[in-house]
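In this text the structure is predicted, and so the values were computed from the model without any measurement. Note on naming: letters A, B, ... go to the chains in the order of the sequence lines (proteins, then strands), and numbering restarts at 1 for each one. Computed from heavy atoms alone, side chains included, the values below leave out hydrogens, waters and symmetry copies.
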Number of protein chains: 2
Amino acid sequence: MARKPENNNRLDDAARAGWLYYVAGRTQDEIASIMGISRQSAQRLVSLAMAERLIKVRLDHPIAACLEAAARLKDRYDLKYADVVPSDPGSDSATVGIAEAGAAEIERWLKSPDPVVLAIGTGRTLKAIIDQLPPMDCPQHRIVSLTGNIRLDGSAAYYNVIFSMADVINARHFPMPLPVLVSSPEEREVLHKQSLVKIALELGARADAVFVGVGELGADAPLCEDGFLAREEMADLMTAGAAGEICGWMFDHDGALLAGSINERVASIPLPPRDRAAVIGIAKGRRKYEALRAALKGGIINGLITDETTAEYLLKV
Amino acid sequence: MARKPENNNRLDDAARAGWLYYVAGRTQDEIASIMGISRQSAQRLVSLAMAERLIKVRLDHPIAACLEAAARLKDRYDLKYADVVPSDPGSDSATVGIAEAGAAEIERWLKSPDPVVLAIGTGRTLKAIIDQLPPMDCPQHRIVSLTGNIRLDGSAAYYNVIFSMADVINARHFPMPLPVLVSSPEEREVLHKQSLVKIALELGARADAVFVGVGELGADAPLCEDGFLAREEMADLMTAGAAGEICGWMFDHDGALLAGSINERVASIPLPPRDRAAVIGIAKGRRKYEALRAALKGGIINGLITDETTAEYLLKV
DNA sequence: TCAATGTGTGAGTAATTGCTCAATAGAAAG
DNA sequence: CTTTCTATTGAGCAATTACTCACACATTGA
């Protein structure tokens, strides 16, 4: 009995059904009897109205902008995960907001009943995240530190993130008993053959999710501040085109790892390939803009937690 | 019952859930796992987002029947603007549908980069319309209330439409610090000489667009319900031939303002002449039929937003 | 005329959503 | 510190919605 006067009519009906459904809040059964059609047809009209974008849904809430930005970031940089938190213009903290969001995301992984391997970097941001983690009991999971926590002089670095984390969530943990930087590629090779280190390396390679901060470069970069890198070396790196650093791995403005140079002395566990694991970078703020952009561009990270202002920048460039 | 600061968080969550549900099209199960809550909680958040009007749905499709009715109304009553929304026969809401349409039309005016002066009435319909307005930033426009918001006993009336509106669109606003009705023509004259009132009066006379509800008369008319008019006076007016009321101005079945009587005590700003400004009446439903017909016949309004059933009536008589 | 094709339909069924209710947790009151 | 009250939660179930399938009817092109 298909009447086929005009395609237009069908859209009109769809609009009408969509209106009754979304605006008037009727059920599809009611719509069917109002319009004198079967319930299934009513359902089809309603979903047609949606598919044809006859119905426009809008969310009026500050959070909407964040969600939208996250969706666009995901699309733009082909990310597995993106979370944008509202910016707090009045705060100059480098972590407020993203720390909570990062902790929430880590928690989500930890809630899995199946065992997962989490790898984490270090730095102020990660430390702030761990501080936000609630105590949990996760004997099924393993956490591994991607970077060494020993300075060249043998002392432990301040941000012993992995230990704090293990403490809080009660999971088996695998630190890297190494400096971030060693003195030569040869030394690195030797050290990486040590059995403890090898275990960590292998675990890192199998990590399901990786959480890392993104380090900017410059005279007051964290790597310098924490005494891992001399200021002259930093200057050299920057003239060589370095744009940022993740776990000590230096990359240029296109997000490509710098060949040679300092990267041959980085003792950190390599980041897992982005097609298998979630590699989530967490950072915000003007000082991180360029490093973040480069890391995203080069696909060094495939997940991002940042704030609205930073997201805007990353979408604009 | 505790008014918790977390209440805000709950709305944020609701917004987030609503966005994921309506905009991103996720199921409530997915939302639950994304947000780390139970499915039921996700469902509650989604429906909260709806209940709190965080989510606004609009239909952008000229439904043929409605369009046609609108066109015929325009022709028949010589209107500048007409919009007919689909009827929902089962609903006895006096505003569903026309509220969204009214908000859309107001939004259209507000989007103008050139400054415009909008005048608005008051009442349940207008209130419902304002609730549908999205937040905007319109410092270039001015909005003025056509009617007073003070009762005879000095208290403010419930539907403080102008303030809600100004709040949402961030425009300069000019309330009428007067009752709808004063005790005598002389008092009105005195009050209208007050500087604040004069400013509002002048602005109202220059309004580019006017949005008003259309009040029916009768024992349960809004004017009586809200305590502006005693029931005996109402009865007198009806025997004197009154058919309806806009902003307090009484008119007869031909749409002519009633001479003398109560109109000499109405303190509202006169409606701008219909040849210059758009005077858009918004109403639907059987109870409004006669008042609408009269207002249209007499040209008190030159724009109309109503529903299909009402449009049919207005075209038939 | 007659397949081929495309669109729409209802039935049936799976998936999703909404609601009720008992249990719980957390805050206010004592 | 305990009790009481209320808001919130999760489970179970009912209602609603989405999807798949086989079929009917038109249009199209040999």
Could you pull out the protein-nucleic contacts involving nucleotides 15-17 of chain D (nitrogen or oxygen on both sides, under 3.5 Å)?
residue : atom : partner : partner atom : Å
D:dT17  : OP1  : A:Y21   : OH           : 3.3
D:dT17  : OP2  : A:Q28   : N            : 2.8

(message) Can you pull out every salt bridge (Lys or Arg N to Asp or Glu O under 4.0 Å) where at least one residue sits in residues 96-109 of chain A? Sequence neighbours excluded, please.
(response)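 Only A:E105-A:R108, A:E107-A:K111 qualify under salt bridge (Lys or Arg N to Asp or Glu O under 4.0 Å).
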(request) Name all pairs fulfilling the salt bridge (Lys or Arg N to Asp or Glu O under 4.0 Å) condition that reach into residues 19-46 of chain A, sequence neighbours left out, sorted by first residue then second. (result)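 Listed by first then second residue: A:R26-A:E30, A:R26-B:D88.
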(request) Determine the interplanar angle of the B:Y313 and B:Y289 rings, folded into 0 to 90°, and report it as parallel if under 30°, tilted if 30 to 60°, perpendicular if over 60°. (result)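 Parallel, since the angle between the ring planes stays under 30°.
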(request) Report the residues that fulfil salt bridge (Lys or Arg N to Asp or Glu O under 4.0 Å) with B:K56, sequence neighbours left out, ordered by chain and then residue number. (result) A:D60
(message) As a check on the pairing definition, encode DNA chain D in dot-bracket form, counting Watson-Crick and G-U wobble pairs whose two distances are under 3.5 Å, and using | for partners outside this strand.
(response) ||||||||||||||||||||||||||||||
(request) State whether A:S47 places a side-chain N or O below 4.0 Å from either non-bridging phosphate oxygen (OP1 or OP2) of D:dA18. (result) no
(message) Is the phosphate of C:dT9 approached by A:S38 (side-chain N or O, under 4.0 Å from OP1 or OP2)?
(response) no
Would you list the protein and nucleotides 20-25 of chain C atom pairs, both N or O, that sit under 3.5 Å from each other?
none

(message) So, applying side-chain contact (heavy atoms from CB on, under 4.5 Å) with A:I162, which one of A:I143, A:T122, A:L146, A:I130 is it?
(response)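 Considering A:I143, A:T122, A:L146, A:I130, a side-chain contact (heavy atoms from CB on, under 4.5 Å) with A:I162 is found only for A:I143.
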(message) For A:N302 and A:D78: C-alpha separation, side-chain torsions, deciding distance, then whether side chain to side chain contact (heavy atoms under 4.5 Å, CB included) applies.
(response) CA-CA 7 Å; A:N302 62 12; A:D78 189 24; over 6 Å; no
(request) Could you check B:D307 against B:T310 for side-chain hydrogen bond (donor to acceptor under 3.5 Å, both in side chains), going step by step and ending with a plain yes or no? (result) CA-CA 5 Å; B:D307 77 338; B:T310 308; 2.5 Å; yes
Taking atom [atom2] of [N] as reference, at what distance in whole Å does atom [atom1] of [X] sit?
X: A:M50; N: C:dT16; atom1: CE; atom2: P; answer: 17 Å
X: A:D13; N: C:dG8; atom1: CG; atom2: P; answer: 11 Å
X: A:Y22; N: C:dT17; atom1: OH; atom2: P; answer: 11 Å

(message) A side-chain contact here means heavy atoms from C-beta on lying under 4.5 Å apart; do B:L314 and B:L304 qualify?
(response) yes
(request) State, yes or no, whether a side-chain contact exists between A:L45 and A:I37 at a heavy-atom distance under 4.5 Å. (result) yes
(message) Tell me whether A:R16 is salt-bridged to B:E308, with the criterion being a basic N under 4.0 Å from an acidic carboxylate O.
(response)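 Salt bridge present between A:R16 and B:E308.
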(message) Check whether A:H173 reaches the backbone of A:A166 with its side chain - one donor and one acceptor, N or O, closer than 3.5 Å.
(response)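 Not confirmed, A:H173 side chain does not pair with A:A166 backbone.
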